[in-house]
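Working notes for the structure below.
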Amino acid sequence: MNLREARLDRVEGYRLLAELQDERTREATLPGLERLAPGFPDWIVTSLFGGTYQRDGLSPRDRQVANLAALTALGGVEPQLAGHVRTGLRVGLTMTEITEVFVHLAPYVGVPKALAGLRAVAEVAEVAEVAE
């Protein structure tokens with residue numbers, strides 16, 4: 001077995017987090033989580049954005065489609081789902097493409113979970129319309 005050392009880069013993780021997620025999404029999660037479970041947000045950012053996201057093989061756009069699918073399949077994570085819809089827009093997905101991800105998932109994960117994803121799209125679209 002040929003193992004490679006895992007890359008964990010805290011600085012790069014926070015840089016990438018700032019690039020991928022809008023301030024609203026970051027502020028809705030990290031400060032409250034830090035108060036509840038000190039150090040846990042840093043672990044998430046360092047291991048996920050400074051580790052997993054640093055791997056070769058998938059673009060940020062492709063990773064976001066995978067995130068949308070995984071969160072939809074899990075269910076019960078609507079706040080994170082809405083944040084990932086916003087991140088999807090930041091990495092180049094269109095609202096139509098994001099909507100089609102959820103429609104495509106319906107036969108695989110169930111209509112109720114796909115509808116939760118579509119509600120997240122509607123929520124993000126509504127906020128975007130109000131901001132314009």
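Between Tyr108 and His104, the ring planes lie tilted relative to each other; the angle falls in the 30° to 60° range.
No continuous path of hydrophobic side-chain contacts links Leu89 to Val91 [ILVMFWY only; heavy atoms under 4.5 Å]. Under the 4.5 Å side-chain heavy-atom criterion for ILVMFWY residues, a single connected hydrophobic cluster contains both Leu118 and Val111. Val77 and Phe40 are not part of a single hydrophobic cluster, where members link through side-chain heavy atoms under 4.5 Å apart. Tyr14 and Leu20 fall within a single hydrophobic cluster, where Ile, Leu, Val, Met, Phe, Trp and Tyr are joined by side-chain heavy atoms under 4.5 Å apart, directly or via other members. Val85 is connected to Leu115 through a chain of hydrophobic side-chain contacts under 4.5 Å among Ile, Leu, Val, Met, Phe, Trp and Tyr, so both are in one cluster.
Taking all atoms of both residues into account, the shortest heavy-atom contact from Ala114 to Phe102 is CB-O, 3.3 Å. The shortest heavy-atom contact between Tyr53 and Gln64 is OH-OE1, 3.9 Å. Of all heavy-atom pairs between Leu68 and Val101, the closest is CB-CG1, 4.2 Å. Among all heavy-atom pairs drawn from Ala82 and Glu123, the shortest one is CB-OE2, 3.8 Å. When all heavy atoms of Phe49 and Leu16 are compared, the pair lying nearest together is O-CD2, 3.6 Å. The heavy-atom pair separating Arg63 from Thr52 by the smallest distance is NH1-O, 3.6 Å.
Taking NE2 from His84 and CD1 from Ile98, the interatomic distance works out to 11.5 Å, rounded to the nearest 0.5 Å. Note that the CG atom of Leu8 and the CD atom of Gln54 stand 9.5 Å from one another [nearest 0.5 Å]. In this structure, OG in Ser47 is found 9.0 Å from CG in Asp42, a value given to the nearest 0.5 Å.
Looking at Ile44 and Leu33, their side chains come closer than 4.5 Å, going by heavy atoms from C-beta outward. The shortest distance between side-chain heavy atoms of Leu17 and Leu30 falls below 4.5 Å. The side-chain heavy atoms of Gln21 and Arg86, taken from C-beta on, include no pair separated by under 4.5 Å.
Applying the side chain to side chain contact (heavy atoms under 4.5 Å, CB included) rule to Val109 yields the partners Thr72, Ala73, Leu105, Lys113; only residues at least two apart in sequence or on another chain are considered.
Around the CZ atom of Arg55, the shell of radius 6.0 Å holds no more than 12 heavy atoms that belong to other residues, nucleotides or ligands.
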Exercise. Can you list the steps and then say if Arg61 with Glu97 is a salt bridge (charged side-chain N to carboxylate O under 4.0 Å, His left out)?
Worked result: CA-CA 11 Å; Arg61 188 179 193 281; Glu97 290 170 321; 2.7 Å; yes
Going through the distances and angles, do Glu12 and Arg7 end up as a side-chain contact (heavy atoms from CB on, under 4.5 Å)? CA-CA 10 Å; Glu12 183 60 19; Arg7 178 177 178 193; 4.2 Å; yes
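Looking at Asp22 and Arg90, no side-chain N of the basic residue comes within less than 4.0 Å of a carboxylate O on the acidic one, giving no salt bridge.
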